[in-house]
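Here the structure comes first, spelled out in structure tokens, and everything after it is commentary.
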Amino acid sequence: MSFVEYGDTIKDGDTAIVFLGHESMFPVKVQHGTVTQTKYGVIRHSMDLIGKKYGSKVTCSKGGWVFILHPTPELWTMNLPHRTQILYSTDISIITMMLELKPGSIVCESGTGSGSLSHALIRTVAPTGHLYTVEFHQQRAEKAREEFREHGVEHLVTVTNQDVCKNGFGVSNIADAVFLDIPSPWEAIGHAKSALKAEGGRICSFSPCIEQVQRTCLAMEEYGFTEINTLEILLRVYNVRTISLQIPDLGKAAEDNSSAGFDSSNPSNQGSPCANLQQGTVQFKSGVPLREMVGHTGYLTFATKSLF
């Protein structure tokens, strides 16, 4: 099993996603002789998982069933154990595009955190690219190394435990792109410029506060970066549901219905638009925004290393 290479069959030691529904799923490490409890009953790894195909429908001990999915960076973002606040797919997608990443790209990242963005970057630059990720916190760095090894991507990533603001990324003049998600990104702009290739490259800094953005933009300008711009990505979800609106009484519609011999007591007319008009309302399907939703996550500041 690998997060960047699809495997057809569930094997001992794999990380799989137990899918109970769109709002209910969780990761599980497949191990011989182990069981996993769900609200539908027990899943026995040896009998129910190992040797089965990914995507299989598995019946639990209480008679309910779940699907077992192959892990992807998108599914991992939704199910990973949170060691820090993470980036979600809305921001990750624009970061990947604006940094112009592709297979073979070299990327530097700080900090690693819970590894949400890291997995997406690794999948994007595979099979010949590489991610150099720096994490200040020792325990988080060690846990990230362990996860990358379990997920079969350790050959595509190098995890370093150090302060990027003081010691940089540990590489020079090789990166196509740099990503910063740290409290004081302006202190790491010089190291980011050193890590980027001599012929140029892209940088992105994620910050939740506009004051951080201001200082980062000033530092980027000081170090000669160009095309500096800041984006805020807001996700607005809509629910599709039936809406009832009252029809204004303009007089003529009622007269036309009467002259046409409309009989509202006739069952065949109950579902017609005229029936709704007689009742003074009309129903239709519409997209309605949620009353509460996640709004601001952070500001994304992008820039390009100047060749001059």
Side-chain angles (χ1 to χ4, degrees), residues 4 72-74 76-77 84-126 128-134 156-157 164 169 171 173-236 294-308:
V4 298
T72 65
E74 291 80 10
W76 186 246
T77 291
T84 60
Q85 184 66 29
I86 70 169
L87 289 177
Y88 291 92
S89 297
T90 307
D91 289 312
I92 291 173
S93 59
I94 196 71
I95 291 169
T96 303
M97 183 187 75
M98 294 293 287
L99 289 182
E100 303 174 0
L101 301 181
K102 59 186 182 298
S105 294
I106 305 297
V107 186
C108 291
E109 175 197 29
S110 182
T112 312
S114 301
S116 173
L117 176 64
S118 303
H119 282 81
L121 294 177
I122 291 170
R123 194 262 307 274
T124 302
V125 304
T128 57
H130 202 83
L131 172 66
Y132 294 90
T133 183
V134 178
L156 296 170
V157 57
V164 70
F169 293 93
V171 296
N173 302 320
I174 67 169
D176 297 289
V178 171
F179 177 80
L180 299 174
D181 182 7
I182 54 178
S184 52
W186 56 89
E187 296 181 0
I189 298 300
H191 294 297
K193 184 177 181 180
S194 299
L196 288 169
K197 291 180 177 179
E199 57 268 28
R202 296 278 285 167
I203 183 173
C204 175
S205 174
F206 176 90
S207 296
C209 302
I210 196 64
E211 291 82 6
Q212 294 170 304
V213 174
Q214 292 171 333
R215 296 190 64 175
T216 302
C217 288
L218 290 173
M220 287 178 174
E221 188 175 24
E222 179 183 348
Y223 279 95
F225 283 88
T226 60
E227 299 178 322
I228 303 172
N229 65 89
T230 299
L231 308 176
E232 182 183 26
I233 310 301
L234 300 178
L235 178 64
R236 191 174 191 187
V294 176
H296 171 79
T297 57
Y299 300 103
L300 294 168
T301 300
F302 295 91
T304 303
K305 180 180 178 181
S306 176
L307 298 179
F308 305 101

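These values consider heavy atoms only, across backbone and side chains, with no hydrogens, waters or symmetry-generated copies.
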Check your understanding: In Å, rounded to the nearest 0.5 Å, how long is the span from CG of Leu180 to SG of Cys204?
Key -> 8.0 Å

**Study point:** Approximate separation, where rounding is to 0.5 Å, of Met98 CE and Ser93 OG
**Key:** 11.5 Å

Review point. Which atom names give the shortest non-hydrogen contact between Pro103 and Ala126, and what distance separates them?
Key: CB-O, 3.3 Å

Review point. Taking the side chain as C-beta and beyond, is there a heavy-atom pair between Phe206 and Leu117 under 4.5 Å?
Key: no

Study note, to complete from the structure: So OG of Ser105 and CG of Asp176: to nearest 0.5 Å the spacing works out to 4.5 Å

Check your understanding: Is there a donor-acceptor pair closer than 3.5 Å between any side-chain N or O of Thr84 and the backbone N or O of Ser114?
Key -> yes

**Study point:** Thr77 vs Ser89, side chain to side chain donor-acceptor pair (under 3.5 Å): CA-CA, chis, key distance, verdict
**Key:** CA-CA 8 Å; Thr77 291; Ser89 297; 5.0 Å; no

Point to revise | Trp186 vs Leu218, side chain to side chain contact (heavy atoms under 4.5 Å, CB included): CA-CA, chis, key distance, verdict | key: CA-CA 8 Å; Trp186 56 89; Leu218 290 173; over 6 Å; no

**Study point:** Spacing of CD1 belonging to Ile92 relative to CD1 belonging to Ile233, to within rounding of 0.5 Å
**Key:** 12.5 Å

Review point. Under 4.5 Å between any side-chain heavy atoms of Val157 and Ser118, yes or no?
Key: no

Exercise for review: Evaluate the side-chain proximity of Ile189 to Ile203: yes if any heavy-atom separation is below 4.5 Å, no if none is.
Suggested key: yes

**Study point:** Contact summary for Ala177 and Leu101, nearest pair of heavy atoms
**Key:** CB-CD2, 3.7 Å

Review point. Under a 4.0 Å N-O cut-off, is there an ion pair linking Arg123 with Glu74?
Key: yes

Point to revise | Phe169 versus Cys108, closest heavy-atom pair with distance | key: CD2-CB, 3.6 Å

Point to revise | Check: Leu87 and Phe179 side chains under 4.5 Å, non-hydrogen atoms | key: yes

**Study point:** Beyond-backbone contact of Leu156 with Val4, side-chain heavy atoms, under 4.5 angstrom
**Key:** yes

Exercise for review: Output yes when a side-chain donor or acceptor of Lys193 lies under 3.5 Å from a complementary backbone atom of Lys305, and no otherwise.
Suggested key: no

Revision key, fill the gap. In terms of heavy-atom contacts, Ala195 and Val178 come closest through CB-CG2, 4.5 Å

**Study point:** Working for side chain to side chain contact (heavy atoms under 4.5 Å, CB included), residues Asp91 and Thr297
**Key:** CA-CA 9 Å; Asp91 289 312; Thr297 57; 2.9 Å; yes

Revision key, fill the gap. In terms of heavy-atom contacts, Gly111 and Ile182 come closest through N-CG2, 3.7 Å

**Study point:** side chain to side chain donor-acceptor pair (under 3.5 Å) contacts touching residues 198-220 (sequence neighbours left out)
**Key:** Arg202-Thr304

**Study point:** Side chains of Thr133 and Thr112, donor plus acceptor under 3.5 Å
**Key:** yes

Check your understanding: Can you tell me how far the CE atom of Met97 sits from the CZ atom of Phe302, to the nearest 0.5 Å?
Key -> 8.0 Å

Exercise for review: Please tell me if the side chains of Tyr88 and Leu235 come closer than 4.5 Å, counting only heavy atoms from C-beta onward.
Suggested key: no

Check your understanding: Any side-chain heavy atom of Ile210 sitting closer than 4.5 Å to one from Val213?
Key -> yes

Point to revise | Distance-minimising heavy-atom pair for Thr230 and Cys217 | key: OG1-SG, 4.1 Å

Review point. Any chance OH of Tyr299 has more than 12 other-residue heavy atoms, nucleotides or ligands included, within less than 6.0 Å?
Key: yes

Review point. Which value, rounded to the nearest 0.5 Å, describes the distance between Asn229 atom CG and Thr301 atom OG1?
Key: 8.0 Å

